[in-house]
Chemist: 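Before anything else, here's the structure in question.
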Amino acid sequence: MEEKIKQAAERARTVTPENAGELEQFRIDFLGRKGIITGLFDDFRKLPPEEKKHYGKKLNELKSYVQEKISETGRLISAKDEYSDGPDMTLPARQLQLGSRHPISIVRKEIIDIFSRIGFTISEGPEIEDDWHVFSALNFPPEHPARDMQDTFFISRMPDILLRTHTSSVQVRVMEKTTPPIRTISPGRVFRNEAISARSHCIFHQIEGLYVDENVSFADLKQTLEYFARELFGEDTRIRLRPSFFPFTEPSGEMDVSCRCGGQGCRLCKYTGWLEVLGCGMVDPNVLGECHIDPEKYTGFAFGMGIERIALLKYDIKDIRLYFENDIRFLRQFSGTV
Ligand code: PHE
């Protein structure tokens with residue numbers, strides 16, 4: 001008896017069914033009506049009572065081992081079967097999560113497209129600049145507040161190396177090495193030493209434009225800006241120019257566009273009917289001279305705007321910080337916008 005149980009246990013351990021058919025055969029071999037274990041229990045019944053306790057325990061152990069092995073192997077085989085026929089083509093597809101463009105990228109592209117259509121090229125330049133390209137060539141007097149550490153991020157002093165505060169620096173670079181006609185826009189990141197709030201940030205994006213040629217007049221500036229405002233904000237948009245001051249333009253102005261509320265007044269336009277959009281003016285002859293362009297022969301206009309501000313007005317965004325936080329709930333709202 002001892003030997004028979006040992007052989008049966010050995011067989012139960014070494015035989016491993018690979019599929020459902022083999023597993024069923026294994027079950028019949030051991031537990032079926034004429035199976036090994038069934039046979040052993042028949043023998044067990046004929047044993048003298050003093051041996052029953054010993055062999056009864058051994059037989060029960062063997063039986064539970066076999067039962068355990070059958071259910072465990074069954075689990076493994078059915079898990080394997082699930083994949084054995086290849087992928088299930090009837091399963092519904094998993095939904096793809098498409099990203100969306102950032103509102104700044106959307107508006108930047110839109111503005112670039114508008115000016116490209118009337119012959120403006122795109123120029124880019126360094127974010128780390130010297131004093132000359134950001135201030136001196138642009139007619140900033142030595143005591144101008146923008147030259148102060150309070151307003152501008154300096155990397156070194158004497159020589160003054162700094163993060164550009166506007167992309168007018170790119171236009172200086174273009175003027176220095178191009179003979180007019182020049183028609184270009186410079187999009188890019190700019191930096192100002194300002195406290196971060198809902199309305200202002202120390203990093204933002206600008207697009208500035210420059211047109212230099214013979215006989216460029218203020219009327220050309222106004223026409224160009226009017227075309228731009230209508231393309232960007234809609235055909236019914238009206239513009240108005242208010243006098244302003246910049247060291248590098250003379251005369252200088254600020255352009256407002258009519259608000260979507262149609263002049264009735266709303267929260268966005270602070271009940272004025274107008275939204276301030278950009279700064280502009282005729283390039284100061286001193287600036288042309290500094291950039292080796294003959295101010296007797298050539299005139300030009302320039303303008304500059306903050307992309308964050310334009311996007312704020314276009315989409316009625318309430319807080320400029322949202323642009324930088326990458327909150328997916330904010331960004332998702334722009335999916336579907338090209
Ligand atoms: N450079 C100005 C600014 O950063 C904008 C501007 C550009 C104004 C060109 C007039 C002409 O605010």
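Here the structure is a predicted model, which is why all the values come from computation and not from measurement. Order of appearance sets the numbers: ligands from 1, and atoms from 1 within every ligand.
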Chemist: For atom 12 (O) of ligand 1, which candidate among Glu254, Met305, Arg192, Arg164 provides the closest heavy atom?
Modeler: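 The nearest heavy atom belongs to Arg192.
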
Chemist: Report the part of Gln171 (side chain from C-beta onward, or backbone N, CA, C, O) that has a heavy atom under 4.0 Å from ligand 1; answer both or neither where that applies.
Modeler: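 Neither part.
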
Chemist: Taking a cutoff of less than 4.0 Å between a non-hydrogen atom of the residue and any ligand atom, is Met282 in contact with ligand 1?
Modeler: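 Flag not set, Met282 not near ligand 1.
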
Chemist: When you look for heavy atoms under 4.0 Å from ligand 1, do you find them on the side chain of Gln206, its backbone, both, or neither?
Modeler: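 Side chain only.
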
Chemist: Taking Arg260 for its side chain and Leu268 for its backbone only, find out whether a donor-acceptor pair lies under 3.5 Å.
Modeler: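 Side chain of Arg260 to backbone of Leu268, a donor-acceptor pair under 3.5 Å: no, none is there.
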
Chemist: Salt-bridge test for Arg173 and Glu129: reply yes if a basic N is under 4.0 Å from a carboxylate O, no otherwise.
Modeler: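 Yes, this pair counts.
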
Chemist: Report yes if some N/O of Ser168 lies less than 3.5 Å from some N/O of ligand 1; otherwise report no.
Modeler: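 N/O-N/O distance below 3.5 Å exists for this pair.
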
Chemist: Identify whether the distance between the nearest side-chain nitrogen and carboxylate oxygen of Glu325 and Arg321 falls below 4.0 Å.
Modeler: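 Here Glu325 does not pair with Arg321 in a salt bridge, since their nearest N and O are not under 4.0 Å apart.
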
Chemist: Taking the side chain as everything from C-beta on, heavy atoms only, tell me whether His166 gets closer than 4.5 Å to Arg192.
Modeler: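 Yes - at least one pair of side-chain heavy atoms lies under 4.5 Å apart.
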
Chemist: Do the side chains of Val170 and Glu208 get nearer than 4.5 Å, heavy atoms only?
Modeler: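 In short, these two side chains do not touch, never coming nearer than 4.5 Å.
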
Chemist: Any idea which part of Ser252 is under 4.0 Å from ligand 1, heavy-atom wise: side chain, backbone, both or neither?
Modeler: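 Answer for Ser252: neither.
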
Chemist: Answer yes when Glu127 and Arg189 have at least one side-chain N-carboxylate O distance shorter than 4.0 Å, and no when they do not.
Modeler: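 Answer for the salt bridge query: yes.
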
Chemist: Look at atom CD of Gln223 and say whether more than 12 heavy atoms of other residues, nucleotides or ligands are closer to it than 6.0 Å.
Modeler: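 No, not enclosed.
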
Chemist: Numbering the atoms of ligand 1 from 1, which are under 4.0 Å from a heavy atom of Ala302?
Modeler: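 Near Ala302, the atoms of ligand 1 are 9 (C), 11 (C).
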
Chemist: For Phe248, counting its heavy atoms only, list the atoms of ligand 1 lying under 4.0 Å from any of them.
Modeler: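 Near Phe248, meaning under 4.0 Å from one of its heavy atoms, ligand 1 has 1 (N), 2 (C), 6 (C), 7 (C), 8 (C), 9 (C), 10 (C), 11 (C).
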
Chemist: Which atoms of ligand 1 sit under 4.0 Å from any heavy atom of Phe303?
Modeler: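 Atoms satisfying the 4.0 Å criterion: 7 (C), 9 (C), 11 (C).
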
Chemist: What protein heavy atom sits nearest atom 2 (C) of ligand 1, and how far away is it?
Modeler: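 Of the protein heavy atoms, Glu208 OE2, 3.5 Å lies nearest.
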
